[in-house]
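Atom set for the values below is all heavy atoms of this structure, side chains included, hydrogens, waters and symmetry mates excluded. As the structure lists them, so they are numbered: ligands from 1, and atoms in each ligand from 1. What you are looking at is a predicted structure, and each value in this text was computed from that prediction instead of being measured.
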Amino acid sequence: MQPRQLLAALASGEAVSGAQLADRAGITRAAIWKQVETLRARGVPVEARGAAGYRLPWPVQLLDAARIRAALPRGCAARLGALEVHWELDSTSSELQRRLGEAADLSMVLAETQTAGRGRRGRTWLSPPGLNLYLSCLKRFDQGFAALSGLSLAVGTMVLRAIDSLGIQGAGLKWPNDVLTAEGKLAGVLVELSGEYQGPCAAVVGIGLNLRLTDALRAQAGQPACDLATLAGELPDRNLVAARLVAALADGLRQFERQGFAPFAEDYARHDLLAGRALKLSGAQGNFEAIGAGIDARGALQVRLANGELRSVDSADVTVRRA
Ligand code: BTN
């Protein structure tokens, strides 16, 4: 029995005895125990309930490409390239990077778990199986990097559109593209570009969306984090959430290709968590404090300095100052 089969056997959230699991898989209870330990080491909180056996603290729906496809809005599936669900990849974004030459436009790759999930600025994105969503999408553009300013901010609004379509409110955007709630980070966006400055180019858009965080994951995250289960009260089906994300990206990235950042600017401004807030910035322009003043047409952060000057910031670490 592989970790995926064990997770599937425990997916209902009911306890299953070691003996039953061993019988089903035709292996020893010791071998089952070893697989339980493997899942635990990957961050899945498998509980041991004495004679009752092993259980998960909540039911889990494993990702399934056919179910995601079935939950897409009419016409969306036909616009996609590949739609793949893998059990394990090093990173869904690395997988698309490796296949950049041949993968069709709007190919979507999801994985239950990543062994080398990547965040921005070289950080690791912890990716245990069965809990969250790890998805990357390939979008090709003809106009070159020059036309892609604001893309990563637009992707943040696409994630919010997906969440909003599930009837879940309460998330906003921290420039450039973190999706946050009052409790912490709900989703991260990593956009990687390759190709030519003024010719054909490609963006691999990677999204990690927290659906269900464990205490251990929160502790390891290195910053306050939040999950959709907390925000929604009850977690929608994981395949439905994945479908909404796929649809929002497919629609949004095509819209961005035709019209650039402009149609996303109003959405961004409505969800801008930095506007009017006292900020600390550190980056190429040094360390300084200022008040958030929205974003410009290219997606640069606008801040107002104490002397009234309005400054545009293209790249910086930004934190909100405590009152
Ligand atoms: C961030 O640091 O906020 C960005 C995190 C992006 C994580 C996602 S998970 C799917 C895709 N694959 C990766 O390795 N990274 C992105």
Next item on the list: Hey, can you tell me if F264 and F256 have their rings parallel, tilted or perpendicular (30° and 60° cut-offs)?
Entry: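 Ring orientation, 0 to 90° scale: tilted.
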
Checklist line | side chain to side chain donor-acceptor pair (under 3.5 Å) contacts touching residues 40-51 (sequence neighbours left out) | finding: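 Passing the test, one end in residues 40-51: E37-R40, R42-E88, R42-T113, E47-R49, E47-R55.
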
Next item on the list: Answer with yes or no whether the side chains of D90 and Q114 bring together a donor and an acceptor at under 3.5 Å.
Entry: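 No, D90 and Q114 have no side-chain donor paired with an acceptor closer than 3.5 Å.
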
Check: Under 3.5 Å, is there a donor-acceptor pair between the R118 and S94 side chains?
Finding: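 Side chains of R118 and S94: pair found under 3.5 Å.
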
Note to self: For P73, give me all partners under side-chain contact (heavy atoms from CB on, under 4.5 Å), at least two apart in sequence or on another chain.
What the structure shows: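 So P73 forms a side-chain contact (heavy atoms from CB on, under 4.5 Å) with C76, A247.
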
Next item on the list: Please identify each residue that fulfils side-chain contact (heavy atoms from CB on, under 4.5 Å) with P45, with sequence neighbours left out.
Entry: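 If we apply the side-chain contact (heavy atoms from CB on, under 4.5 Å) test to P45, skipping adjacent residues, the hits are P57, W58, T214.
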
Please tabulate, line by line, the atom pairs linking an N/O of ligand 1 to a protein N/O at a distance below 3.5 Å, with the distance in Å to 0.1, or answer 'none'.
from     : atom 1 : to   : atom 2 : distance (Å)
ligand 1 : 2 (O)  : R120 : N      : 2.7
ligand 1 : 3 (O)  : K185 : NZ     : 2.6
ligand 1 : 12 (N) : T92  : OG1    : 3.1
ligand 1 : 12 (N) : Q114 : OE1    : 2.9
ligand 1 : 14 (O) : S91  : OG     : 2.8
ligand 1 : 14 (O) : R118 : N      : 2.6
ligand 1 : 15 (N) : R118 : O      : 2.7

